[in-house]
Amino acid sequence: MDDTGQGGGKLGELFDERWRVGPLKDGTFRSPLHDERIAAILGIALGVAFTVCFVTGLISHVAQNPPSWFTWPSRPAWLYRVTQGVHVATGIGSIPLLLAKLWTVYPNLFRWPPLESIAHLVERISLIPLVAGGVFMLTTGFMNHMEWYPFGFFFPVGHFWGAWITMGALLIHLVAKWTVVGTSLRRGGAPPIERNGLGRRGFLAAVATAVGAVTVATVGQTFRPFRALSVLAARDPAAGVQGVPVNKTASEIKVLDAILDPNWRLRVHGAVRRELVLSRDDLRAMPQHEARLTIACVEGWSADGDWRGVRVRDILDLAGASDDATVIVGSHQRRGLYRSSELNPDHARDPDTMLALELNGEVLHVDHGFPCRLIGPNRPGVFQTKWVNEVEVL
Ligand code: HEM
Ligand SMILES: Nc1nc2c(c(=O)[nH]1)N[C@H]1C(S)=C(S)[C@@H](COP(=O)(O)O)O[C@H]1N2
Ligand SMILES: [Mo]
């Protein structure tokens, strides 16, 4: 790098030239691609990508853990699908960006002198949470999207706190590098060309191509026009019984006996004027509603289906629940976070929120939640509870 060996600050004088061995020697890193301007351009791209990830990640967080002053709306119906699809796509696209950036700047680890000033020390230390955080976010995010959970912590909690640490370190880094980025972008000049090698433009074009390639090869999991190109995606949004992927099957969750019981009933209770106990025939005898709605899984895939069933609000009216009631929809599943979900009044009263009995013209498959499952607009997939047997009005 052209700023190595300046030796300016006070701390720099503490380092004896005799310690300058191995990669610390001048001229170890010859590629002109270890370049400030490339680092600046990749840094800006990563800053934008991480900010998009952070904002869309926080949206997913408040959709799933709404603070008391906030209600996640049921409209627009496509909102969560888009924010979470963008989150995972931007995150995956950041992987080649981060690798390229780290490669470009790693010779700085061997800068001489290693430290120049207290400000330099602080800036160096802030790189630890930045690099570790960036790598942690992209690896845990990617593993989660691949449905691979080898780590011993609950993914969203680690990923959530990792995001704050990473973004904090990114902010410090941005302040520290602001002037350098400005000058190196203005300086322009002839791009460095290594003899027989890749120039600056070529290198950036290669990185952009890699970002484009991983995006095109994965985004079809949520963006249907790219489905045929989606060779690297964790999910094919059209592969699954009744044309919709299945996350957890009925036999995995061990609900088959309960849902196939001829005496199956749906119980509606809590703050209601009449408790209801409804059979499948009772539900089929109620007015049936149809809507095309999306399963938008938090893990980044999404799929549409034509759903048919009973509106939740019709069930609430039949039971005499109040208009502004919050509702818990429970299932036969015994354990696990996703065995039930909450409907805020907006979702409970939405004309498309229903207990579906059919999917794409067929009786709901056991793996999609037979006899009935919750489906509504703009809900994270984890809240589209399957194998519903209980509606509790709060
Ligand atoms: C390869 C890159 C990434 C992938 C594939 C990815 C994937 C995911 C997934 C699947 C979730 C949903 C978790 C859940 O609710 O179960 C999520 C949530 C989140 N992500 Fe990422 N992510 C990536 C990178 C990032 C980055 C770079 C940031 C921020 C700098 C970030 C911030 C967040 C936040 C704040 C949440 C919400 C966590 C919560 O609900 O508490 N992600 N991400
Ligand atoms: N009872 C129950 N409902 C559940 C789940 C679950 O594990 N248990 N998984 C959820 C998740 S994570 C998603 S993405 C959707 C998937 O629905 P599908 O299998 O019909 O596509 O169901 C949701 N409903
Ligand atoms: Mo999901």
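Ligands are counted one by one from 1 in listed order, and the atoms in each one are counted from 1 as well.
A salt bridge does not link D367 with R373: none of the charged nitrogens is closer than 4.0 Å to a carboxylate oxygen. At a threshold of 4.0 Å, the pair E116-R111 counts as salt-bridged, since one of the basic side-chain nitrogens sits closer than that to a carboxylate oxygen. Of the charged side-chain nitrogens involved, at least one lies within less than 4.0 Å of a carboxylate oxygen, so that E147 and R235 count as a salt-bridged pair. Between D352 and R75, at least one side-chain N (NZ, or NE/NH1/NH2) sits under 4.0 Å from a carboxylate O, which counts as a salt bridge. Between R18 and D16 there is a salt bridge, with a side-chain nitrogen of the basic residue lying less than 4.0 Å from a carboxylate oxygen of the acidic one.
Of the listed options F155, F142, F50, F155 places a heavy atom closest to atom 13 (C) of ligand 1. Of the candidates E299, Q64, Q84, Q84 brings a heavy atom nearest to atom 11 (C) of ligand 1. For atom 22 (O) of ligand 2, the candidate residues are R373, H368, K248; the nearest heavy-atom contact is made by R373.
Heavy atoms of E299 come nearer than 4.0 angstrom to ligand 2 in no pair at all. At least one heavy atom of L138 sits less than 4.0 Å from an atom of ligand 1.
Using bins of under 30°, 30° to 60° and over 60° for the plane-to-plane angle, the ring pair H365/H368 lands in the perpendicular bin. Classified by interplanar angle (parallel below 30°, tilted 30° to 60°, perpendicular above 60°), the ring pair W103/H34 is tilted. Taking the six-membered ring where tryptophan is involved, the planes of W264 and H332 are tilted, since the angle between them lies from 30° to 60°. Ring orientation note: the planes of H145 and F142 are tilted relative to one another, at an angle of 30° to 60°.
For atom 14 (C) of ligand 1, the closest heavy atom belonging to the protein is P156 CG, 3.7 Å. Looking only at protein heavy atoms, the nearest one to atom 30 (C) of ligand 1 is M167 SD, 3.6 Å. With respect to atom 3 (N) of ligand 2, the closest heavy atom belonging to the protein is K386 N, 3.0 Å. Remark: minimum distance from atom 23 (C) of ligand 2 to any protein heavy atom is reached at G381 O, 3.2 Å.
Polar contact check, N247 against ligand 2: a nitrogen or oxygen pair lies under 3.5 Å apart. Ligand 1 has an N or O atom lying under 3.5 Å from an N or O atom of H61, backbone or side chain.
Other residues, nucleotides and ligands place more than 12 heavy atoms under 6.0 Å from the CZ atom of R274.
Each of the atoms 1 (N), 2 (C), 3 (N), 6 (C), 7 (O), 8 (N) of ligand 2 lies under 4.0 Å from some heavy atom of Y338. Atom numbering of ligand 2 starts at 1 in the shown order; those under 4.0 Å from a heavy atom of P245 are 18 (P), 19 (O), 21 (O). Close approach of ligand 2 to Q384 is summarised as follows: ligand atoms under 4.0 Å from at least one heavy atom of the residue are 22 (O), 23 (C), 24 (N). Remark: ligand 2 atoms within the under-4.0 Å shell around heavy atoms of T385 are 1 (N), 3 (N), 24 (N). Distances below 4.0 Å separate heavy atoms of Q333 from the following atoms of ligand 2: 1 (N), 2 (C), 6 (C), 7 (O), 8 (N). Close approach to W301 involves these atoms of ligand 2, each under 4.0 Å from a residue heavy atom: 14 (S), 21 (O).
No donor-acceptor pair under 3.5 Å is formed between the side chain of T90 and the backbone N or O of V52.
The proximity of V244 to ligand 2, defined as any non-hydrogen pair under 4.0 Å, is limited to the side chain. When non-hydrogen atoms are compared, ligand 2 lies under 4.0 Å from the side chain of W387 (C-beta onward) but not from its backbone.
Among protein atoms, those of element N, O or S found less than 2.8 Å away from atom 21 (Fe) of ligand 1 are H87 NE2, H159 NE2.
Expressed to the nearest 0.5 Å, how far CG of D281 lies from CG of L278 amounts to 11.0 Å.
The nearest pair of heavy atoms linking W72 to N378 is NE1-O, 2.8 Å.
By the 4.5 Å heavy-atom criterion applied to side chains, R379 and S341 are counted as neighbours.
For the residue pair T140 and H159, a side-chain donor N or O sits within less than 3.5 Å of a side-chain acceptor on the partner.
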